[in-house]
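Lettering follows sequence order; numbering is per chain, from 1. Source: prediction; values computed, not measured.
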Amino acid sequence: MNTSVNTPPQALEADYYRVNFITLLTFVFERYAALLTEQERSFYHQFSALSVNAQCLFTRCLMRKGNFFRVAKFSYQEISEPLTALSELTATTLVKSATVDDFNNIITLFTKPELVKAFPEHSLKTLKRAELDAELIRVANDTPDLMFARLQNLANHSLIFVCTQAFDTFRLLFFGNLRQDLTEFVLQDMGIVKYPKFTLSRDKLPFQNRETIVALKKINELSDYLHDHKQLDIDELEYLCSQLPPCTQQSSIVQRRLGRLLNRLGQRYEQQKDYQAAIALYQQSNELPAAERIIRCLAYLHQWEEAWERLQQLETSSSISSEQHFVRVFKPKLAKKLAIPFERQSLQIKPEQVILITPHTQSVERNVQQHLSALGKVSFWSENGVFNSLFGLTFWSLLYADCEGAFYNPFQTAPDDIYHGSFIAKRESLWQELFQFIACEKRYEKLLRENYRTYFGLANRFIHWSLLQQTVADIPIFDGVRLSQAEQQRSLFEWTLQRVPIEHIRKIVLHILADRKDHRSGMPDLIVFTDQDYCLMEVKGPGDRLQNNQKVWLDFFERNEIPYRTLRVVYDENN
DNA sequence: ACCACTCACTCAGTG
DNA sequence: TAAAAATTCG
DNA sequence: CACTGAGTGAGTCGAATTTTT
Ligand SMILES: [Mn+2]
Ligand SMILES: [Mn+2]
């Protein structure tokens with residue numbers, strides 16, 4: 001795969017991460033001092049008062065995974081005396097020496113051989129690591145202090161606990177989320193990720209009150225918990241729900257993330273067959289597919305009238321493709337239960353084409369690509385990548401418009417309001433201008449090429465540069481195809497512009513624009529190029545079926561005369 | 001039911 | 001959002 | 001004594017994860 005999206009690494013200062021950390025802290029403190037707790041302000045001030053050495057050590061801890069560390073094991077060139085720096089840290093409230101209560105967490109800081117040697121009186125040698133941990137925890141019930149002391153000794157009394165709560169708040173305020181961390185800085189410093197120029201909003205800050213911060217941190221905590229615990233019974237779910245932040249008149253970001261969390265909790269209740277509880281959660285959610293799930297739950301509960309009522313309401317109120325599709329599918333089922341007459345309005349989608357090919361170890365999609373190449377057809381496995389990329393290239397000027405509430409930190413890959421209903425309205429004049437501009441096919445094609453060249457490699461949520469840049473030479477399958485030199489080196493981007501009518505591209509990206517969230521996925525697996533034509537091809541292996549969002553896209557292709565087909569692969573067992 | 005492997009080496013037991 | 005080095009287990 | 005099989009310990013490997021820049 002081509003890697004020319006990147007540039008060679010730059011040299012960094014020895015304490016680059018400390019500098020970045022201070023940048024982050026200062027950024028937040030300057031803007032949000034009023035929203036911080038006393039503890040968080042003290043976090044900032046205590047850190048600022050540390051020696052450079054101690055600042056480095058503390059930052060190193062925060063960059064690592066977990067809350068517990070064994071500083072004696074750290075070996076950093078730029079930290080001259082880690083244990084001295086550590087004593088400086090333990091004198092503050094930033095870091096606490098580990099206590100016997102932390103025993104369970106501490107043992108992971110030692111390797112298996114170390115533990116075996118440290119506790120020769122217990123035969124640990126033959127145990128697997130997980131069993132070893134469990135066994136140690138078990139025997140530590142009898143003599144916890146002694147065993148903890150032995151580990152703390154072994155580690156030169158450098159076992160510490162670092163509470164990340166305060167830093168989490170700073171991260172949240174800086175990034176607007178808790179997914180991103182200090183690595184964003186270094187990736188940018190090294191030139192591995194480059195961002196387009198955009199101006200940060202300064203007047204209106206995204207966080208206006210403490211409640212928003214508390215709510216988001218709690219939502220994040222519960223989400224993580226759900227992620228790590230796949231099996232939860234109803235009591236546990238109830239306990240989680242009792243911790244949910246109130247959803248009264250919250251900021252839009254809380255609304256969205258709380259909605260997603262409510263949906264996940266609702267799904268767990270559905271798995272436990274507690275549909276009443278699930279409905280109660282979905283009703284508080286404004287995120288897809290809450291409305292659909294409520295109706296499905298009502299159906300599970302045999303509350304047909306209520307379900308019918310809500311379905312009809314959804315049919316008239318929602319213009320979202322996936323919800324309309326749900327109505328189309330579910331309405332006949334409910335109507336039948338209620339003995340209401342209805343006319344079925346099914347989608348007009350071309351039937352599957354069946355193909356028999358010899359099985360390989362590769363994926364079905366690659367198999368089909370190989371098959372196509374034998375027929376002299378060039379194809380790329382692009383899924384949503386190509387058209388989302390063309391979306392980004394088309395609407396680049398909207399995405400990076402200088403607009404209040406769009407960009408809050410230097411590491412965003414899309415404006416913050418990209419999924420808001422008001423996204424276009426807020427950029428109305430630019431939008432009108434651009435719409436006029438791309439009305440002309442020549443101009444539009446030129447714009448796409450220009451933006452591709454000008455912005456190539458800049459981080460953007462919709463644009464997958466490395467995919468656009470791919471050539472058949474990057475895909476091992478095409479060794480047998482006879483292609484001209486030019487075709488061999490032609491990028492997917494070029495193939496697309498040369499084969500796909502600009503009118504088709506425009507229709508598709510406008511459709512994505514109409515609902516950036518709902519229409520970003522479900523596009524076919526392959527884009528196939530023939531002499532003059534192209535075709536979008538969804539591949540289905542044995543047992544695979546068209547998903548709803550795929551059907552919606554195929555329906556769109558049908559109505560807009562965009563060439564597509566669904567290929568059903570049957571493996572030839574004789575080979 | 002168990003689970004990295006190889007390699008060189010020791011050592012007790014056997015004929 | 002990349003790539004390589006280091007660590008760890010088995 | 002020659003041979004065997006069990007056990008040991010060191011070193012290494014691959015895969016997965018974590019850390020670094
Ligand atoms: Mn697919
Ligand atoms: Mn498929």
Any side-chain hydrogen bond (donor to acceptor under 3.5 Å, both in side chains) pairs touching residues 140-152 of chain A, not counting sequence neighbours?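 Found A:E121-A:R150.
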Presence of salt bridge, [Y] and [X], under 4.0 angstrom:
X      : Y      : value
A:E450 : A:R453 : no
A:R202 : A:E404 : no
A:E114 : A:R70  : yes
A:R499 : A:E494 : no

Quote, to the nearest angstrom, the [atom1] distance that separates [N] from [M].
N      : M      : atom1 : result
B:dT6  : D:dA15 : P     : 15 Å
B:dA1  : D:dG9  : C1'   : 26 Å
D:dC13 : B:dA4  : C1'   : 8 Å
C:dG10 : B:dC5  : P     : 13 Å
C:dC9  : B:dC3  : C1'   : 13 Å

Measure from [atom1] on [X] to [atom2] on [N] and round the result to the nearest Å.
X      : N      : atom1 : atom2 : value
A:R60  : D:dT18 : CZ    : C1'   : 13 Å
A:F175 : C:dT1  : CZ    : P     : 14 Å
A:Q188 : D:dT21 : CD    : C1'   : 15 Å
A:Q77  : D:dT20 : CD    : C1'   : 13 Å
A:F74  : D:dT18 : CZ    : C1'   : 12 Å
A:I463 : C:dT1  : CD1   : P     : 14 Å
A:R18  : D:dT20 : CZ    : C1'   : 18 Å
A:Y455 : C:dT1  : OH    : P     : 22 Å

Can you tell which of [options] lies closest to the side chain of [X]?
X      : options                : value
A:K73  : D:dT21, C:dT8, D:dT19  : C:dT8
A:Y195 : C:dT1, C:dT8, D:dT20   : C:dT1
A:L187 : D:dT19, C:dT1, D:dT21  : C:dT1
A:K112 : C:dG10, D:dT21, D:dT19 : C:dG10
A:R64  : C:dT1, C:dT8, D:dT19   : D:dT19
A:I192 : C:dT8, D:dT20, C:dA2   : C:dA2

What about A:F29 and A:F170, are their ring centers closer than 6.0 Å?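 Ring centroids of A:F29 and A:F170 are no less than 6.0 Å from each other.
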For A:F411, answer base if it contacts any base atom (sugar-phosphate contacts may also be present), sugar-phosphate if it contacts only those atoms, and nothing otherwise; contact means non-hydrogen atoms under 4.0 Å.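 If one applies the 4.0 Å heavy-atom cut-off, A:F411 turns out to touch nothing in the nucleic acid.
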Looking for any heavy atom pair under 4.0 Å, which part of the strands does A:R461 touch: base, sugar-phosphate only, or nothing?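 Result for A:R461 = nothing.
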I would like to know whether A:H464 and A:Q469 meet side chain to side chain contact (heavy atoms under 4.5 Å, CB included); could you show each step before the answer? CA-CA 9 Å; A:H464 307 275; A:Q469 192 191 31; over 6 Å; no
Report the distance from atom CZ of A:F407 to atom CG of A:D417, rounding to the nearest 0.5 Å.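 A:F407 CZ to A:D417 CG: 8.5 Å, rounded to 0.5 Å.
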Using heavy-atom distances to pick each residue's nearest nucleotide on DNA chain D, tell me which of A:K65 and A:V186 is more 5'.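 Closer to the 5' end of DNA chain D: A:K65.
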Where are the stems of DNA chain B, defined as at least 3 consecutive Watson-Crick or wobble G-U pairs with both distances under 3.5 Å?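 DNA chain B stems, ordered by first number: B:4-15 with D:1-12.
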Does A:Y17 put a side-chain nitrogen or oxygen below 4.0 Å from OP1 or OP2 of D:dT21?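 A:Y17 to D:dT21 OP1/OP2: no side-chain N or O under 4.0 Å.
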